[in-house]
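It should be emphasised that the depicted structure is a prediction, and the values quoted were computed from it without experimental measurement.
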Amino acid sequence: MDCSLPSRGEWHHNRPMQELDAFRHAVRHWLEAHYPPALRGAAMPIGDLYTGGRHPKPVHPAQPAWCAAMASRGWTVPEWPAKYGGGGLSREQSAVLREEMRRLGAPTPLFSFGISMLGPVLLKFGSEAQKRRFLPEIVRGDIRWCQGYSEPNSGSDLASLMTRAEDRGDHYLVNGQKIWTSHGDEADWMFCLVRTNTSVPKHEGISFVLFDMRTPGVTARPIKLISGASPFCEVFFENVRVEKAHRVGEEGQGWAIATYLLAHEREMISGLGSLISGTALAPRALKIFGTDSDGKLRNAGLRHSLARFELDSAAFRITLAQAARTRNAAGMGAMASAVKYFGTELNKRRNELHLDIEGANALQWDARGPAGEAWAADWLRSKGNSIEGGTSEIQLNIIAKRVLGL
Ligand SMILES: Cc1cc2nc3c(=O)[nH]c(=O)nc-3n(C[C@H](O)[C@H](O)[C@H](O)COP(=O)(O)OP(=O)(O)OC[C@H]3O[C@@H](n4cnc5c(N)ncnc54)[C@H](O)[C@@H]3O)c2cc1C
């Protein structure tokens, strides 16, 4: 069988099954040749995934090479159009690629807000110049993006945001403050919501802009968390010059763009739990508690919780797979709130169960699970899952209104 891969964009979609088999064969061959041997068998929890950027901090030295190899085919973002650096693959081909990566145990080569949040926005709302400039950079992981949405008095009520952007002809002058900006101190650029008009209803006066974090007047201050890490910042803007060419969409269109991006963010967050590599819960519980005379886990309460969790996880995986099959290029829309809500609550339960199984040992700060996971820090971090990207209560409001039509 011919194992060579055609150039990007040369695959034709909707071809018969044999074509997909040939594609699988070629992908397997290519991955075996390009997946760095040094990464094989390396545990890669979510926090260790490669995020790229101007000053990348790979957890494993082979990560940049793996990212570069995949980016050379556009496979860091397999379904984006080849003309913007993406893989140009169909949904079916992209699923084959993921399956073949899983077969090798290969981690996702690049994890970025550019891929999961900004890219879909640029594809829908960006100008041709913005697409040609920013999308290939995102595919390669050249710059790392952060999200400037929340403000000290605008979280759930995001539309009340106060950061002002004054019109100065060809540019805006931005003043104000953001908060909870994940990796604001490490990111290279920010996508940011600003108020461009104060004399219209709050949702209508918002615009969506992009700027380099090195622009004079931008200051990012890390906030230390209970988990010991400092993954997010307060970011201050003092007379920051933002070119109008870097406004995405029309002036005042920011709210529509912001909510479109949020649906993609929620979809991404909903899947994070399944990316986390950790110890399987049931075998660990059996090891610690042993079995009764029927061969069942000895602790009946834990047995019940584990069974419920495993069933809910299986149902969630099927729901996610179904949603992935039926979603269109614009994403899942309001359904993203349902998977975000369920996925993040499930991830919190998984962390609670870990603690139930391991007991007080797991609360020791340096305790590590058999797969190297940091139990206490992961448990604390999981609490943020149902807050970031919009809280669980806000997701329930959206589900009630926009999915159930209540
Ligand atoms: C780990 C993490 C990472 C984050 N990263 C970013 C980032 O990169 N960029 C960014 O901009 N932001 C980020 N955030 C901020 C996040 O988006 C906000 O924390 C979130 O939207 C909630 O806003 P708030 O904290 O102001 O809480 P509030 O809005 O003050 O909410 C407080 C409580 O009131 C409830 N509540 C509020 N309004 C309603 C309502 N209408 N109905 C029912 N209940 C309601 C909420 O559910 C919550 O329980 C991050 C947050 C976390 C935890």
Student: Quick check: does any side chain N or O of Ser230 sit under 3.5 Å from a backbone N or O of Ile223, one acting as donor and the other as acceptor?
Tutor: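 Judged by distance alone, yes, a pair lies under 3.5 Å.
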Student: How far apart are the closest heavy atoms of Val248 and Leu122, and which atoms are they?
Tutor: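 Taking Val248 first and Leu122 second, the nearest heavy atoms are CG2-CD2, 3.9 Å.
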Student: Centroid separation under 6.0 Å, is that true for the rings of Phe211 and Tyr172?
Tutor: no
Student: Find out whether Ile206 and His203 are in side-chain contact, i.e. whether some heavy atom of one side chain is under 4.5 Å from a heavy atom of the other.
Tutor: no
Student: Testing the basics here: between Ala220 and Met213, what is the closest heavy-atom pair and its distance to 0.1 Å?
Tutor: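 For Ala220 and Met213, the tightest heavy-atom pair comes out as CB-CE, 4.5 Å.
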Student: Determine whether Glu388 and Gln147 satisfy the following criterion, side-chain contact (heavy atoms from CB on, under 4.5 Å), listing intermediate values before the conclusion.
Tutor: CA-CA 11 Å; Glu388 59 197 312; Gln147 177 186 32; over 6 Å; no
Student: Whether the side chain of Asn175 engages the backbone of Asn239 through a donor-acceptor N/O pair (distance < 3.5 Å, no angle test) should be reported.
Tutor: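 Pair found, side chain donor or acceptor close to backbone of Asn239.
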Student: Do side-chain atoms of Lys178 reach the backbone of Leu193 as a donor and acceptor pair under 3.5 angstrom?
Tutor: yes
Student: Measure up the Trp145 and Trp189 rings against each other and bin them: parallel (under 30°), tilted (30 to 60°), perpendicular (over 60°).
Tutor: tilted
Student: Do the side chains of Thr215 and Val242 get nearer than 4.5 Å, heavy atoms only?
Tutor: no
Student: Taking all heavy atoms of Asp356 and all of Phe289, pick out the closest pair and write down the distance.
Tutor: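 In this case the closest contact between Asp356 and Phe289 is O-CZ, 4.2 Å.
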Student: Using atom types as modelled and distance alone, determine if a side-chain donor or acceptor of Thr76 lies under 3.5 Å from a backbone N or O of Val139.
Tutor: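 Yes, Thr76 side chain to Val139 backbone: donor-acceptor pair under 3.5 Å.
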Student: Any heavy-atom pair between the side chains of Trp75 and Leu89 that's under 4.5 Å?
Tutor: yes
Student: Salt bridge check, Glu352 against Lys383: does any charged N sit closer than 4.0 Å to a carboxylate O?
Tutor: yes
Student: Side-chain contact test, heavy atoms from C-beta onward, threshold under 4.5 Å: evaluate it for His183 versus Phe232 and give yes or no.
Tutor: no
Student: Got a salt bridge between Glu99 and Arg102, using NZ or NE/NH1/NH2 to carboxylate O under 4.0 Å?
Tutor: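 Here Glu99 does not pair with Arg102 in a salt bridge, since their nearest N and O are not under 4.0 Å apart.
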Student: Taking His246 for the side chain and Asp212 for the main chain, is one N or O donor matched with an acceptor at less than 3.5 Å?
Tutor: no
Student: Less than 4.5 Å apart, any side-chain heavy atom of Ser154 and any of Thr163?
Tutor: no
Student: Between OG of Ser313 and CZ of Arg350, what distance do you get to the nearest 0.5 Å?
Tutor: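 Answer rounded to 0.5 Å: 8.5 Å.
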Student: Using a strict 4.0 Å threshold on nitrogen-to-oxygen distance, state whether Arg168 and Glu166 make a salt bridge.
Tutor: yes
Student: Can you tell me how far apart CZ (Arg266) and CD (Gln395) are? Round to the nearest 0.5 Å.
Tutor: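 With rounding to 0.5 Å, CZ (Arg266) is 4.0 Å from CD (Gln395).
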Student: When you measure from the side chain of Gln130 to the backbone of Ser127, do you find a donor-acceptor pair of N or O atoms at a distance under 3.5 Å?
Tutor: yes
Student: Check ring-ring contact (aromatic ring centres under 6.0 Å, His included) between His34 and all other residues, then give those that pass, not counting sequence neighbours.
Tutor: Trp30
Student: Give a yes or no on whether the backbone of Leu297 and the side-chain of Arg303 come within a donor-acceptor separation of less than 3.5 Å.
Tutor: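 Here the side-chain-to-backbone pair exists.
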Student: Between Thr196 and Gly252, what is the shortest heavy-atom contact and its length?
Tutor: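 For Thr196 and Gly252, the tightest heavy-atom pair comes out as OG1-N, 4.1 Å.
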Student: Less than 4.0 angstrom from a charged side-chain N to a carboxylate O is my criterion; do Arg40 and Glu32 meet it?
Tutor: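 Looking at Glu32 together with Arg40, the answer is no, because their closest N to O distance does not fall below 4.0 Å.
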Student: Is the shortest side-chain heavy-atom distance between Glu100 and Tyr35 below 4.5 Å?
Tutor: no
Student: Would you call Asp170 and Arg241 a salt bridge, using N to O less than 4.0 angstrom?
Tutor: yes
Student: Kindly indicate whether the side chain of Met101, heavy atoms from C-beta on, has any atom under 4.5 Å from the side chain of Pro109.
Tutor: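 Side-chain contact under 4.5 Å: yes.
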